Amino acid sequence: MTQTRSMLLNVGPSHPAMHGVIRLIMELDGEKIKDVDVEIGYLHRAFEKMCETVMYAQCFPYTDRLNYVSPLINNVGFAMAVEKLLGIDIPERAKYIRVIMSEISRVSDHLTCVGASAMELGAMSVFLYMIKAREFLWELVEEITGARLTISYVRIGGVKADLTEGFTDKAFKTIAEVRKVLIEADELLTRNRIFFDRMKDIGKISAQDAVAYGITGPFLRSTGVAYDVRKASPYLIYDKLDFEVPVGTQGDNLDRYFVRMAEMEQSLRIIEQCFQQIPEGPVAAELTGDVVPAAEMVDRAKMGRTEGLKEEEVNLDPTLQGSTKKYHEAVYADRKDVVLPAKENTYGNIEGLMNHFKLVMYGHGIRPPAGEVYFPVEGGNGELGFYIVSDGRDYPWRVRVHPPCFPIMAALPKCLIGDMMADLVPTFGSVNMIAGELDR
Amino acid sequence: MTPLARVQERFSTQIIETHSFRGDETAVIRPEALRPVAQFLKEAPELDFNFLMDLSAVDYLFFAGGRIQKPARFEVVYHFFSLKFNHRLRLKVPVDEKAPEVDSLCALWASANWYEREVWDMFGIKFKGHPNLKRILMYEEFQGHALRKDYPFNKRQPLIGPQY
Amino acid sequence: MSALNSPTGFITSSFKHALGWARKFSIFQYPFVTACCGMEYMATNCAHYDQDRFGAGFPRFSPRQSDVLFVVGTISQKMAPVLKTVYDQMCEPKWVVAFGVCTCTGGFYDNYATVMGIDTIIPVDIYIPGCPPRPENVLDGLIKLQEKIQRGEQSRTLYDPHTKTGRPVELQGGYTIEGHIKHIEAKS
């Protein structure tokens with residue numbers, strides 16, 4: 001008499017195929033997966049608790065580290081939620097800049113996901129090419145924001161700085177490079193027997209299940225449901241842009257790969273359109289008044305010789321972050337209670353200085369009215385929502401982030417049960433789990 | 001007719017309060033009415049809320065320094081979304097501090113399972129009828145519930161290493 | 001090590017020196033990747049920055065086959081026992097690199113969930129602060145690690161949060177301008 005028993009296998013939390021920390025306890029019948037228990041929380045960093053201890057503007061560094069592959073989208077999401085709470089609108093140019101930066105982030109997010117999951121199936125060169133393309137995109141991001149990865153570029157009521165001179169040309173060159181990489185990767189993967197066979201009909205989920213689990217983003221679109229926040233409730237200027245929402249039919253790994261590849265192309269199209277439509281900014285604007293050193297201006301003001309002082313521009317010390325007055329109006333909302341004044345005003349006159357300190361001092365700061373808002377944006381993995389409760393003070397009472405990875409991980413057993421043990425790797429690679437936003 | 005107006009019409013006695021701050025329609029309902037209201041939201045053809053987008057809770061201990069009074073210490077917050085009509089609704093349920101318990105919505109939306117576990121982990125609110133209510137983000141040895149306002153943000157409970 | 005220039009064709013070296021030289025160019029690393037720093041770790045490993053030039057290009061995903069543990073990203077209290085287990089499984093000689101400020105001191109995640117510096121749990125040889133550190137910064141840290149391996153040194157002490165001993169002075173009290181000036185003066 002033969003007796004069979006199922007075997008328990010533990011994968012993770014530190015495992016090479018688990019890019020991200022998660023633990024799967026699988027019950028195997030031979031090589032078939034019978035049951036999966038998903039354990040998360042290994043990267044719980046108390047995002048929500050930390051946001052309650054800092055002022056609104058100080059939350060941005062924490063939001064960067066939620067989905068660390070596309071940090072700009074998190075920045076935008078949080079800023080938009082606070083702006084909704086405050087009820088303010090931002091200048092047109094800042095909206096375009098936000099869209100450009102979010103789409104660059106989305107492309108780098110998808111590049112990382114597709115590259116890493118290809119690497120796990122043995123296509124190491126695709127990974128190297130895609131990281132190369134991501135590096136080009138990060139150089140663009142670095143030029144604008146000053147950082148590669150954790151950026152904190154978006155401000156409440158605008159963005160930190162305007163686009164640099166000649167950025168458009170550089171961006172178009174980079175887009176061409178990225179397109180080349182995408183074509184190359186497509187040639188290497190799509191008709192590759194190994195890749196195709198291991199992705200096709202693996203990790204399947206039906207549209208009903210995906211909706212029941214609350215899944216959004218490329219994962220949901222691969223099942224055939226065309227839900228995209230950018231189309232369903234357009235924010236910023238997405239309603240003025242022409243782009244498609246690619247959908248799959250099967251809901252398997254291969255469809256998720258196709259959806260991501262198509263989405264990257266759409267994102268590149270969006271960036272190109274933004275550069276064509278973006279209203280002319282004052283990037284090339286000339287300083288109008290006489291340029292004097294800041295110290296001289298302060299001395300004159302102390303002695304009461306304030307005549308004509310308003311017309312003069314301050315020549316700033318390089319350590320004081322340079323001059324921001326010329327683009328300040330173009331990328332910041334006209335709200336003194338929310339937006340920091342231009343650096344020239346902070347250092348050059350008392351009104352600007354007081355305005356600055358009113359916004360950064362404890363007990364003052366940005367004070368939204370008491371209330372609660374939920375604002376969704378389309379993140380790299382799906383709907384990224386921020387739910388903020390304010391009690392009228394300068395600290396958020398509660399910041400809740402709806403992480404797009406969370407429902408996907410809850411549905412992971414649905415994808416895995418019935419497949420082979422080795423299918424875990426492509427399935428897990430294609431869902432693009434980001435532990436930072438999963439565990440927060 | 002907006003979803004909020006429809007819910008108000010159907011469950012007028014069960015609703016404590018409604019508001020639509022910045023366009024977010026919100027209904028605060030009695031805890032015992034949660035199950036029927038949720039069922040109605042999901043199954044009424046003119047509402048068709050097939051997504052339970054988000055589920056979380058808020059702790060209102062000393063809210064606004066005690067200036068604003070809330071009916072109960074906790075509120076469980078549900079965000080619904082309808083794919084068909086592209087509308088949203090927020091539902092809030094006040095939960096008392098002494099017996100923090102509400103009905104589970106696992107049977108209606110599969111996504112409620114993990115969200116409810118997270119709320120239990122972070123706030124210590126129990127969900128009646130949940131199949132597997134255990135901690136999800138923190139470890140089993142963790143004492144207390146981290147997102148409650150009376151839990152100090154830097155009170156550590158290390159599994160290994162020095163206590164500090 | 002210039003056998004070509006020596007008149008006899010032989011080179012002389014101490015055994016310890018030769019061993020250190022051999023070890024420092026064949027680093028088998030175990031990337032214990034948890035969080036954001038992993039993205040920069042990927043970037044460092046790939047074509048643009050190419051860690052392979054330093055003989056550290058090939059990650060081993062078994063602690064028993066590796067000799068440098070790269071701890072990349074925040075370590076939460078839930079993760080800490082796992083990290084300790086992985087460290088204990090590695091064979092001697094072994095080194096640990098703390099990659100990113102979360103692993104060095106805990107960074108700005110000073111809260112209930114995060115370990116304030118992995119040196120409270122396992123001894124750390126090289127600290128690479130930064131959130132996340134740039135690839136250039138990582139390569140600098142890697143060269144410093146190679147120097148340490150060449151000298152045959154290993155850290156064995158843990159950081160004690162009560163007496164504040166066992167961690168480089170620069171990482172103890174956070175960043176101050178006075179401390180930074182002092183540090184630069186001491187260097188020059």
Side-chain angles (χ1 to χ4, degrees), chain A residues 37-46 48-50 52-53 83-87 207-216 220 225-227 229 231-233 369-376 383 385-387 389-393 397-398 400-403 406-407 409-411 414 438-440, chain B residues 19-24 26 42 50-68 70 75 77 79-83 86-90 92 108-115 117-119 121-122 132 134-139 142 146-149 151-154:
Chain A
D37 191 13
V38 184
E39 195 174 341
I40 65 167
Y42 288 98
L43 192 58
H44 180 59
R45 298 190 279 196
E48 289 167 9
K49 190 84 173 175
M50 289 315 277
E52 292 169 10
T53 64
E83 279 156 18
K84 186 176 175 183
L85 191 61
L86 285 157
Q208 286 85 358
D209 279 341
V211 169
Y213 275 98
I215 294 171
T216 48
L220 177 68
V225 182
Y227 171 65
V229 184
K231 281 277 187 206
S233 44
E372 52 192 331
V373 292
Y374 177 83
F375 193 87
E383 176 172 321
F386 283 93
Y387 171 61
V389 180
S390 157
D391 60 346
R393 290 191 297 182
W397 182 259
R398 169 105 166 91
R400 153 85 184 165
V401 51
H402 166 249
F406 197 80
M409 280 302 118
K414 269 260 181 278
L438 174 70
D439 302 338
R440 285 149 291 149
Chain B
H19 68 78
S20 50
F21 180 73
R22 305 275 186 233
D24 285 5
T26 308
K42 191 179 181 201
N50 50 359
F51 270 92
L52 171 59
M53 203 48 107
D54 195 23
L55 195 168
S56 62
V58 184
D59 183 357
Y60 286 109
L61 186 69
F62 302 122
F63 184 55
R67 287 195 312 276
I68 302 174
K70 285 278 172 184
E75 257 176 13
V77 186
H79 285 95
F80 296 102
F81 172 68
S82 160
L83 196 63
N86 193 18
H87 54 209
R88 291 173 190 269
L89 181 70
R90 181 187 300 139
K92 302 211 292 182
L108 292 168
W109 289 276
S111 56
N113 190 326
W114 273 31
Y115 288 134
R117 277 176 69 187
E118 194 193 330
V119 171
D121 189 355
M122 289 291 146
N132 181 25
K134 59 177 188 183
R135 283 188 188 274
I136 184 165
L137 294 177
M138 301 310 292
Y139 34 93
F142 193 80
L147 271 180
R148 286 189 174 193
K149 288 281 176 187
Y151 189 92
F153 74 93
N154 55 2

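Chain letters run A, B, ... following the sequence lines, proteins first, then strands; residues in each count from 1. Values in this document were obtained by computation on a predicted structure and should not be read as measured data. Values below: all heavy atoms of this structure, side chains included; hydrogens, waters and symmetry mates excluded.
Contact annotation for Val225(A): only side-chain heavy atoms (C-beta onward) come within less than 4.5 Å of a heavy atom of chain B. Within the 4.5 angstrom heavy-atom criterion, atoms from both the backbone and the side chain of Leu85(A) approach chain B. No part of Ala112(B) comes within reach of chain A, as not one of its non-hydrogen atoms sits under 4.5 angstrom from that chain. Using a 4.5 Å cut-off between heavy atoms, Leu55(B) contacts chain A through its backbone alone, with no side-chain atom that close. For chain A, the nearby part of Asn86(B) is the side chain; its heavy atoms alone come within less than 4.5 Å. When heavy atoms are compared at a cutoff of 4.5 Å, Arg135(B) does not approach chain A at all. Lys92(B) touches chain A through its side chain: at least one heavy atom from C-beta onward sits under 4.5 Å away, while N, CA, C and O do not. Contacts of Val373(A) with chain B are made by both backbone and side-chain atoms, with heavy-atom separations under 4.5 Å. For Met50(A), the part sitting under 4.5 Å from any heavy atom of chain B is the side chain, from C-beta outward, and nothing else. Proximity to chain B (any heavy atom under 4.5 Å) is shown, for Ala232(A), by both the backbone and the side chain. Contact annotation for Leu220(A): only side-chain heavy atoms (C-beta onward) come within less than 4.5 Å of a heavy atom of chain B. Contacts between Asp59(B) and chain A at a heavy-atom distance below 4.5 Å involve the backbone alone (N, CA, C, O).
The heavy-atom pair separating Pro369(A) from Phe21(B) by the smallest distance is CG-CZ, 4.2 Å. For Ser111(B) against Gly214(A), the heavy-atom pair with the smallest separation is CB-N, 4.0 Å. Of all heavy-atom pairs spanning Trp397(A) and Leu61(B), the tightest one is CH2-O, 3.1 Å.
Separation of atoms OH (Tyr115(B)) and CZ (Phe406(A)) is listed at 6.5 Å; rounding is to 0.5 Å. Put simply, CZ on Arg90(B) and OH on Tyr387(A) are 5.0 Å apart, with the number rounded to the nearest 0.5 Å. Between atom CZ of residue Phe375(A) and atom CG of residue Asp24(B) there is a gap of 10.0 Å, rounded to the nearest 0.5 Å. Rounding to the nearest 0.5 Å places CG of Leu438(A) at 8.0 Å from CG of Leu137(B).
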Step-by-step side chain to side chain contact (heavy atoms under 4.5 Å, CB included) determination, Arg398(A) to Leu147(B): CA-CA 9 Å; Arg398(A) 169 105 166 91; Leu147(B) 271 180; 3.8 Å; yes
Stepwise ring-ring contact (aromatic ring centres under 6.0 Å, His included) test for Phe81(B) and Tyr227(A): CA-CA 11 Å; Phe81(B) 172 68; Tyr227(A) 171 65; 4.9 Å; yes
From CA spacing to verdict: side chain to side chain contact (heavy atoms under 4.5 Å, CB included), Thr216(A), Phe51(B): CA-CA 10 Å; Thr216(A) 48; Phe51(B) 270 92; 4.1 Å; yes
Worked check of side chain to side chain contact (heavy atoms under 4.5 Å, CB included) between Glu383(A) and Met53(B): CA-CA 9 Å; Glu383(A) 176 172 321; Met53(B) 203 48 107; 3.0 Å; yes
Test side chain to side chain contact (heavy atoms under 4.5 Å, CB included) applied to Tyr60(B) and Asp391(A), step by step: CA-CA 10 Å; Tyr60(B) 286 109; Asp391(A) 60 346; over 6 Å; no
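Contact annotation: the side chain of Ser56(B) never approaches that of Glu48(A) to less than 4.5 Å [non-hydrogen atoms, C-beta and beyond]. Counting heavy atoms from C-beta on, the side chains of Trp114(B) and Ile40(A) come closer than 4.5 Å.
Chain A forms more heavy-atom pairs under 4.5 Å with one residue of Thr26(B), Leu52(B), Leu83(B) than with any other, namely Leu83(B).
A salt bridge links Arg400(A) with Glu118(B): the closest approach of a Lys/Arg side-chain nitrogen to an acidic carboxylate oxygen falls below 4.0 angstrom.
Side chain of Lys49(A) to main chain of Arg148(B): a donor-acceptor pair is present (N/O by atom type, distance under 3.5 Å, no hydrogens or angles). Between the side chain of Trp109(B) and the backbone N or O of Val211(A) there is no donor-acceptor pair closer than 3.5 Å.
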